[in-house]
**Student:** 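Quick one: the structure is below, questions incoming.
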There are 2 protein chains.
Amino acid sequence: MARKQAARPFALRPRLADVARDAGVSTMTVVRVLRDPDKVAKITRERVTASLRKTKYTPDLVARALVSRRSGIVGAIVPTLANSLIAEVMQGMTAELALHEQQLIVGTSTYSARHEEALVRSFLSRRVDAIYLTGTSHTPETVKLLKAAGVPVVEGGNLPQTPIDLAVGLSNFAAAGSVVEYLLARYGTNIGFLGGSTTNNDRMRDRRHGFRKCLARAGARVDPRYVIEVPISMAGGRTGIGALLALDRPPRAVFCATDVIAAGAVLECRRRSIDVPGDVAIAGYDDLDIASELVPSLTTVRSPRYEIGRKSAQLMHLCLTGNRPQQSIFDLGFVLMARESA
Amino acid sequence: MARKQAARPFALRPRLADVARDAGVSTMTVVRVLRDPDKVAKITRERVTASLRKTKYTPDLVARALVSRRSGIVGAIVPTLANSLIAEVMQGMTAELALHEQQLIVGTSTYSARHEEALVRSFLSRRVDAIYLTGTSHTPETVKLLKAAGVPVVEGGNLPQTPIDLAVGLSNFAAAGSVVEYLLARYGTNIGFLGGSTTNNDRMRDRRHGFRKCLARAGARVDPRYVIEVPISMAGGRTGIGALLALDRPPRAVFCATDVIAAGAVLECRRRSIDVPGDVAIAGYDDLDIASELVPSLTTVRSPRYEIGRKSAQLMHLCLTGNRPQQSIFDLGFVLMARESA
DNA sequence: TTCCGCGATGTTAGCGCATACATCGCAATA
DNA sequence: TATTGCGATGTATGCGCTAACATCGCGGAA
């Protein structure tokens, strides 16, 4: 039976059949013009092209996804978007995805592995071509689902021991160690540490661990009073540096596990007219925007967050085009930003 | 012809038909169990439910979208995700969308109306249920496409004169005016202004305009040397406040069109041991994280960015459920955050 | 001339789901 | 008893696209 015009009252958009009718060819010919034009005779091609323009045809990607089993959509699950580091990862990912006409669908897990699992289910139902997860801690069910789904999975951020599939990121441990080494070389072993809570936070744990290991390797003993846990805020940095400076023998340098803490520490020192780095050197972690804006500007370490997003998308694309890399863990390293504060 | 098992080698996921076969019913009965279980007899329902669990069925949302003409996906186009204000809007949007089992697909236009247009095309091809746009300046073609598409469109952020469809946001003009009024009441008419470039930036333009109008309404004349355009950075704030303080009669208060500029100004004053707000009061705009962290904490004005995202998603949902509101412009206002700096 | 080969185009059959309509059986009603 | 009504379930169709196969027609080789 011929398709009745009246049968689709809501379909305003032209379909392939409409273009085909207009050009006086079959739908397949239109498809060929769209996908590999070389297989269509020049005259026909031009006629079809004209009809395409005339009808303002745009492909229906939903229908295409149904039959081609490629949605062209990549799912990313992040704890929150209101975090500049994570946002930059997404920024890098969208940039790379755009090159392959892929789209990004984001879900926010609000730091809950349960929510993450729900989002994974939902994404798989949507037949996403690949999935990006933030971090390395997931429910067992999430892991199972993903392994069964057979789609590329990238875990981004802090590198896991055993990735679900692929992993892209850096070692917080190594990056922290690098900062401490820098401080060691310039200020000796008399180094303090201000970090946030390590519960449910593997990055924080790795940074503190990096600090400890690095000092140990240098043969230095860490005074327990030198390692202080504070809230991750400028206020935390203020009180933390206050506590360190109040010691009978205050540290010559302080490694803050976050720029936010470091900024608070620097500002507090300035308030007390304590010279940074003259009296006490201060280094941070993250290279947030404020790091370079502070006076003195903050010595810190920068994770390649934009690159993590970009690389993740690249890897996904490679997998989807059958060029799966041998390697499964991609350590993108970090950059020590030596500035004025240390 | 009966479906051959061997005919779908790649389809690992169970379909409705698989569940139906297992439960010994037709696919329609399974659909009913899924969508409105009341219409199915209890015994049947339980049998189907068991089969659903057994087969681990998950609906294929792509297929569903094709036939139901609802993708359950909302598209958002933002200039960048690497901006905490925008990220918070997205945060609010995902939170609200999650309530309706909708998903967010984001595109970054990198502040280019051309890119935005391409993203709109792409989103429409994906049959998104609604579209969120950041800001009010779009190509004519974008507007045409969106009006023709017949999907709800929300423009978020600074409120437009004539929205494409719906608009949610606040008046930068009014918000800036509110800060200036606050300064007027406390420090008199002797007020300076530090703002960024207004080219291609309607928000900045509105804020400056708000500053001017407010002073004019108070009967004050604005010394042209009091209005300075600086780069939107702390450094900009530093040099800007420096220039104002170097005047023979420096302003008693300064309104900075961005917290970043304000922060630079405050820090510069502290460096020079100029009391804030004792010698000069400083107010900002945006209520970034640093605003409350600074010493003195920054008086500023806060846009309801999270709420903008949430409200936008709510409106979309209302439209999609046939409850389109009368109103088309939603002014969510702003909050003056009176703190220490002014 | 006859037939082959191949470039150019068309036809068929679903992808997995949901809408619209059809059917069945049983209890209540006239 | 025949009829009606309705709750419970099934069948047919097609969303818009594409993979796989089918067909057509024309120039060149036998």
Side-chain angles (χ1 to χ4, degrees), chain A residues 1-21 23-48 51-52 55 57-72 124-127, chain B residues 1-21 23-48 51-52 55 57-72 124-127:
Chain A
M1 181 174 62
R3 184 187 302 276
K4 289 166 294 183
Q5 284 288 86
R8 43 191 211 98
F10 40 25
L12 315 120
R13 295 177 46 186
R15 303 150 306 152
L16 275 181
D18 297 322
V19 181
R21 190 176 341 103
V25 295
S26 74
T27 60
M28 246 346 263
T29 303
V30 182
V31 171
R32 287 195 187 100
V33 170
L34 253 29
R35 302 176 76 81
D36 43 5
D38 299 340
K39 298 211 168 170
V40 178
K42 196 174 173 220
I43 323 159
T44 320
R45 196 193 317 146
E46 282 165 356
R47 198 148 38 89
V48 171
S51 295
L52 281 169
T55 57
Y57 175 79
T58 40
D60 184 320
L61 299 185
V62 172
R64 183 178 289 177
L66 179 62
V67 57
S68 71
R69 320 202 131 252
R70 274 290 164 75
S71 63
L124 291 177
S125 265
R126 293 209 183 275
R127 293 230 203 142
Chain B
M1 182 175 64
R3 186 188 302 276
K4 290 166 294 187
Q5 285 288 84
R8 44 191 209 98
F10 40 24
L12 314 120
R13 295 176 47 185
R15 303 151 307 153
L16 276 179
D18 297 321
V19 181
R21 190 175 342 101
V25 296
S26 75
T27 59
M28 248 343 270
T29 303
V30 182
V31 170
R32 287 192 186 103
V33 170
L34 254 29
R35 303 179 73 81
D36 44 3
D38 300 341
K39 298 211 168 171
V40 178
K42 195 174 172 216
I43 322 159
T44 320
R45 195 192 318 147
E46 280 165 358
R47 196 148 38 89
V48 171
S51 295
L52 282 169
T55 56
Y57 173 80
T58 40
D60 185 320
L61 299 185
V62 173
R64 183 178 289 177
L66 180 62
V67 56
S68 72
R69 323 201 130 249
R70 272 292 165 76
S71 62
L124 291 177
S125 265
R126 292 208 183 277
R127 294 228 203 146

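We use all heavy atoms of the structure for the numbers below, so side chains are in, but hydrogens, waters and symmetry mates are not. So you know, we letter chains A, B, ... as the sequences are listed, proteins then strands, and number each from 1.
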**Student:** Classify B/Leu16 by what it touches in the nucleic acid, base, sugar-phosphate, or nothing, heavy-atom distance under 4.0 Å.
**Tutor:**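 Sugar-phosphate contact only - B/Leu16 comes under 4.0 Å of backbone atoms but never of a base.
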**Student:** Heavy atoms from C-beta onward define the side chain here; which of C/dA18, C/dG16, D/dC17 lies closest to that of A/Arg15?
**Tutor:** D/dC17
**Student:** A/Leu61 has an atom CG; how far is it from atom C1' of C/dC15, in whole Å?
**Tutor:**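 Distance, rounded to whole Å: 16 Å.
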**Student:** Give the rounded distance in Å between these two atoms: CD of A/Glu46 and C1' of C/dA8.
**Tutor:** 16 Å
**Student:** Restricting to non-hydrogen atoms, name the atom on A/Leu66 and the atom on B/Ala63 that form the minimum distance, rounded to 0.1 Å.
**Tutor:** CD1-CB, 3.6 Å
**Student:** Using a cut-off of less than 4.0 Å, is there contact between a side-chain N or O of B/Arg35 and OP1 or OP2 of C/dA18?
**Tutor:**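 Indeed, a polar side-chain atom of B/Arg35 lies that close.
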**Student:** Sub-3.5 Å donor-acceptor pair from the side chain of A/Arg45 to the main-chain atoms of A/Arg32, do we have one?
**Tutor:**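 No, A/Arg45 side chain to A/Arg32 backbone: no donor-acceptor pair under 3.5 Å.
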**Student:** Only counting residues at least two apart or in another chain, list the ones meeting side-chain contact (heavy atoms from CB on, under 4.5 Å) with A/Pro59.
**Tutor:** A/Tyr57, A/Leu61, A/Arg64, B/Ser125
**Student:** If every non-hydrogen atom of B/Ala65 is compared with every non-hydrogen atom of B/Ser71, which pair is closest and at what distance?
**Tutor:** CB-CA, 3.7 Å
**Student:** Just how far, in rounded Å, is C1' of D/dC17 from CG of A/Leu66?
**Tutor:**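 Value for this atom pair: 8 Å.
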**Student:** Which atom pair, heavy atoms only, marks the closest approach of B/Leu52 to B/Val33?
**Tutor:** CD1-CG1, 4.2 Å
**Student:** Between A/Asp18 (CG) and D/dC15 (P), how many Å, whole number?
**Tutor:**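 Distance, rounded to whole Å: 11 Å.
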**Student:** Applying side-chain contact (heavy atoms from CB on, under 4.5 Å), name anything that partners A/Thr44, two or more places apart in sequence or on another chain.
**Tutor:**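 Partners of A/Thr44 by the side-chain contact (heavy atoms from CB on, under 4.5 Å) criterion, ordered by chain and then number, come out as A/Val25, A/Thr29, A/Val40, A/Ala41, A/Arg47, A/Val48.
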**Student:** Rounded to the Å, how far apart are A/Asp36 CG and D/dA20 P?
**Tutor:**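 Atom CG in A/Asp36 sits about 14 Å away from atom P in D/dA20.
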**Student:** Test of understanding: with side chain to side chain donor-acceptor pair (under 3.5 Å), list the residues that count as partners of A/Thr55, not counting sequence neighbours.
**Tutor:** none
**Student:** Going from CZ on A/Arg21 to CZ on A/Arg15, what distance comes out if it is rounded to the nearest 0.5 angstrom?
**Tutor:** 6.5 Å
**Student:** Rounding to an integer number of Å, can you tell me how far B/Asp60 CG sits from D/dG16 P?
**Tutor:** 17 Å
**Student:** Of all the choices, C/dA18, C/dG16, D/dG16, which nucleotide is nearest to the side chain of B/Ser68 once you look at every atom?
**Tutor:**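 That would be C/dA18.
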**Student:** Relative to the 5' end of DNA chain D, which residue comes earlier, B/Asp38 or A/Leu34, by the nucleotide with the nearest heavy atom?
**Tutor:**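 Here B/Asp38 is the residue nearer the 5' end.
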**Student:** Considering just the side-chain nitrogens and oxygens of A/Arg69, establish if one lies under 4.0 Å of OP1 or OP2 belonging to D/dA19.
**Tutor:** no
**Student:** Angle between the end axes of the helix from C/dT1-D/dA30 to C/dA30-D/dT1, five pairs per end, to the nearest 10 degrees?
**Tutor:** 70°
**Student:** Could you work out, with side chain to side chain donor-acceptor pair (under 3.5 Å) as the rule, every residue matching A/Arg127, not counting sequence neighbours?
**Tutor:**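 With sequence neighbours excluded, A/Arg127 shows a side chain to side chain donor-acceptor pair (under 3.5 Å) to B/Asp60, given in chain and number order.
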**Student:** Would you tabulate the pairs of protein nitrogen or oxygen atoms and nucleotide nitrogen or oxygen atoms of nucleotides 9-12 of chain C closer than 3.5 angstrom?
**Tutor:**
unit_1, atom_1, unit_2, atom_2, d
C/dT9, OP1, A/Thr44, OG1, 2.4
C/dT9, OP2, A/Ala41, N, 2.8
C/dG10, OP2, A/Ser26, N, 2.8
C/dG10, OP2, A/Ser26, OG, 3.0
C/dG10, OP2, A/Thr29, OG1, 2.6
C/dG10, O6, A/Arg32, NH2, 2.7

